[in-house]
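Contents: one structure, followed by commentary.
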Amino acid sequence: DRPYITLTYAQSLDGKIAAKEGQQLLLSGAESMAMTHRLRLLHDGILVGVRTVVIDNPQLNARHALQQDIEHYGQPRPIVVDTRRLEFPATCKLVQNYKQGTGKQPWVFTTTDAPKDKLLALEEAGVCVIQVSPGKEKDHRPDWASVLRKLRDLGIERLMIEGGAKVIQTSQTWADQWIVTTAPVMVGANGIAAAIDPVRLDHVVYRQFGMDIVMAAK
């Protein structure tokens with residue numbers, strides 16, 4: 001059993017979701033960003049990979065949604081898939097928001113063989129660290145199916161996955177719904193693609209938000 005999964009991300013016209021490794025890239029315009037934040041409210045949790053946290057320092061909340069909607073739905077749970085090395089920064093905005101009472105406690109997934117000293121340090125900083133079995137690949141990441149099962153056990157029924165590239169690539173076969181924003185920007189050859197395997201989507205709908213085109217499909 002697993003949550004219902006919405007896979008969503010913003011890309012450039014040439015299919016890139018980020019600049020070269022280590023550089024932050026904002027693609028979504030204000031209108032499509034507001035749409036994304038409204039969409040976040042309809043999910044129990046927002047999941048990203050640890051590199052997204054290190055590079056972008058996101059808040060993973062719905063701060064651009066209407067206040068009445070935030071009060072009605074409540075903020076989603078920030079969820080991060082780390083590696084066994086536990087690279088999650090204890091001083092990031094996710095932790096700061098939790099300590100200041102403006103966000104929920106972040107959940108960080110790692111493997112059962114993660115270093116105990118790093119695990120304890122994150123827990124002391126206010127992070128909920130969840131250990132699951134390691135995956136079969138040699139990238140030291142948690143087993144994806146185990147992550148999804150654990151999230152469902154913890155009450156996450158609707159999960160919004162936002163990236164980065166490795167997380168998008170891993171989760172595409174699990175996605176129940178896709179929402180992809182395309183911005184009128186060309187990043188160029190140095191950009192990072194979502195690296196998605198071939199897939200054919202159905203029930204496709206397009207809408208324009210400001211200068212961006214948003215595709216929803218299943």
### Task
Tell me whether Leu39 is reachable from Ile161 by hopping between hydrophobic residues (I, L, V, M, F, W, Y) whose side-chain heavy atoms are closer than 4.5 Å.
no
### Message
How close do Arg38 and Asp69 get, counting heavy atoms only, and between which atoms?
### Response
NE-OD2, 3.3 Å
### Query
Trp178 pairs by side-chain contact (heavy atoms from CB on, under 4.5 Å) with which of Leu7, Thr8, Val204, Thr6?
Leu7
### Query
Just by distance, do the side chain of Arg77 and the backbone of Asp44 share a donor-acceptor pair under 3.5 Å?
no
### Query
At their closest point, which heavy atom of Pro3 faces which heavy atom of Leu148, and how far apart are they?
CD-O, 3.3 Å
### Message
For Val132 versus Ser146, what's the shortest heavy-atom pair and its separation?
### Response
CB-CB, 4.0 Å
### Matching residue for Phe88 among Thr83, Val129, Val54, Val108 - test: side-chain contact (heavy atoms from CB on, under 4.5 Å)
Val108
### Min side-chain heavy-atom separation Val80-Val48 under 4.5 Å
yes
### Message
Rounded at 0.5 Å granularity, tell me how far CZ in Arg63 sits from CE in Met33.
### Response
7.0 Å
### Query
With side chains defined as the heavy atoms from C-beta onward, is the minimum distance between Asp197 and Gln172 less than 4.5 Å?
yes
### Message
Classify the ring geometry of His37 against His64: parallel below 30°, tilted from 30° to 60°, perpendicular beyond 60°.
### Response
tilted
### Query
Cluster question for you: counting only ILVMFWY and a side-chain heavy-atom cut-off of under 4.5 Å, with indirect links fine, are Phe109 and Leu94 together?
no
### Task
Treat each ILVMFWY residue as a node, draw an edge where side-chain heavy atoms are under 4.5 Å apart, and state whether Tyr206 and Val180 are in one component.
yes
### Query
Under 6.0 Å from the CE atom of Met211, do we count more than 12 heavy atoms belonging to anything else shown?
no
### Flag, side chain of Gln105 to backbone of Tyr98, donor-acceptor distance under 3.5 Å
no
### Task
Mark yes or no for whether Gln75, through its side chain, and Ala62, through its backbone, hold a donor-acceptor pair below 3.5 Å.
yes
### Query
Yes or no on side-chain contact (heavy atoms from CB on, under 4.5 Å) for His72 and Leu41, after CA distance, side-chain angles and deciding distance?
CA-CA 9 Å; His72 177 74; Leu41 289 177; over 6 Å; no
### Message
When you compare the side chain of Pro58 with that of Lys93, does any pair of heavy atoms fall below 4.5 Å?
### Response
no
### Query
Within a radius of less than 6.0 Å around CD of Glu137, do more than 12 heavy atoms belonging to other residues, nucleotides or ligands occur?
no
### Task
Using the test salt bridge (charged side-chain N to carboxylate O under 4.0 Å, His left out), find all partners of Arg141 that sit at least two apart in sequence or belong to another chain.
Asp139
### Task
Of all the heavy-atom pairs spanning Asn57 and Cys92, show the shortest one and how long it is.
OD1-CB, 3.3 Å
### Task
Using the side-chain contact (heavy atoms from CB on, under 4.5 Å) rule, take Asp212 and Met35 through it: C-alpha gap first, then chi angles, then the decisive distance, then the call.
CA-CA 11 Å; Asp212 303 334; Met35 179 277 300; over 6 Å; no
#### Entry: Nearest-0.5 Å distance that lies between atom CG in Leu151 and atom CD1 in Ile79
4.5 Å
#### Entry: Atom pair CG/NZ of Asn61 and Lys104 - distance to nearest 0.5 Å
11.5 Å
### Query
When you look at Leu154 and Ile130, which way does the side-chain contact (heavy atoms from CB on, under 4.5 Å) test go after all the steps?
CA-CA 11 Å; Leu154 291 171; Ile130 303 170; 3.6 Å; yes
#### Entry: N/O donor-acceptor pair under 3.5 Å between Arg84 side chain and His140 backbone
no
### Summary
Output for pair (Ile168 CD1, Thr52 OG1), nearest 0.5 Å, gives 8.0 Å
### Task
Determine yes or no for a side-chain-to-main-chain donor-acceptor pair under 3.5 angstrom, with Thr102 supplying the side chain and Asn97 the backbone.
yes
### Query
Is a side-chain N or O of Gln169 found less than 3.5 angstrom from the main chain of Ser171, in a donor-acceptor match?
no
### Task
Answer yes or no: is there a side-chain heavy-atom contact under 4.5 Å between Glu157 and Arg152?
yes
### Query
Transitive ILVMFWY cluster of Val185 at side-chain heavy atoms under 4.5 Å: who else is in it?
Leu25, Leu27, Val187
### Note, Thr110 side chain near Lys118 side chain (heavy atom, < 4.5 Å)
no
### Message
Whether Asp176 and Arg2 form a salt bridge (side-chain N of Lys/Arg under 4.0 Å from carboxylate O of Asp/Glu) is what I want to check.
### Response
yes
### Message
Let me confirm one number: the CD1-CD distance from Ile192 to Gln11, rounded to the nearest 0.5 Å.
### Response
14.0 Å
### Message
Which heavy atom of Glu162 sits nearest to which heavy atom of Tyr9, and what is that distance?
### Response
O-CB, 4.2 Å
### Query
Heavy-atom distance under 4.5 Å between the side chains of Val50 and Arg85, does that happen here?
no
### Query
Does Leu47 belong to the same Ile/Leu/Val/Met/Phe/Trp/Tyr cluster as Trp107, with side-chain heavy atoms less than 4.5 Å apart forming each link?
yes
### Query
Less than 4.5 Å apart, any side-chain heavy atom of Thr173 and any of Trp144?
no
### Query
Can you get from Val53 to Val81 by hopping between Ile, Leu, Val, Met, Phe, Trp and Tyr side chains that sit under 4.5 Å apart?
no
### Task
Inspect the contact between Arg51 and Glu87 and indicate whether a charged nitrogen and a carboxylate oxygen are less than 4.0 angstrom apart.
yes
### Task
To the nearest 0.5 angstrom, please state how far the CG atom of Asp143 sits from the NZ atom of Lys150.
14.0 Å
### Summary
Correct closest heavy-atom pair for Ser28 and Ala10 would be OG-CB, 3.4 Å
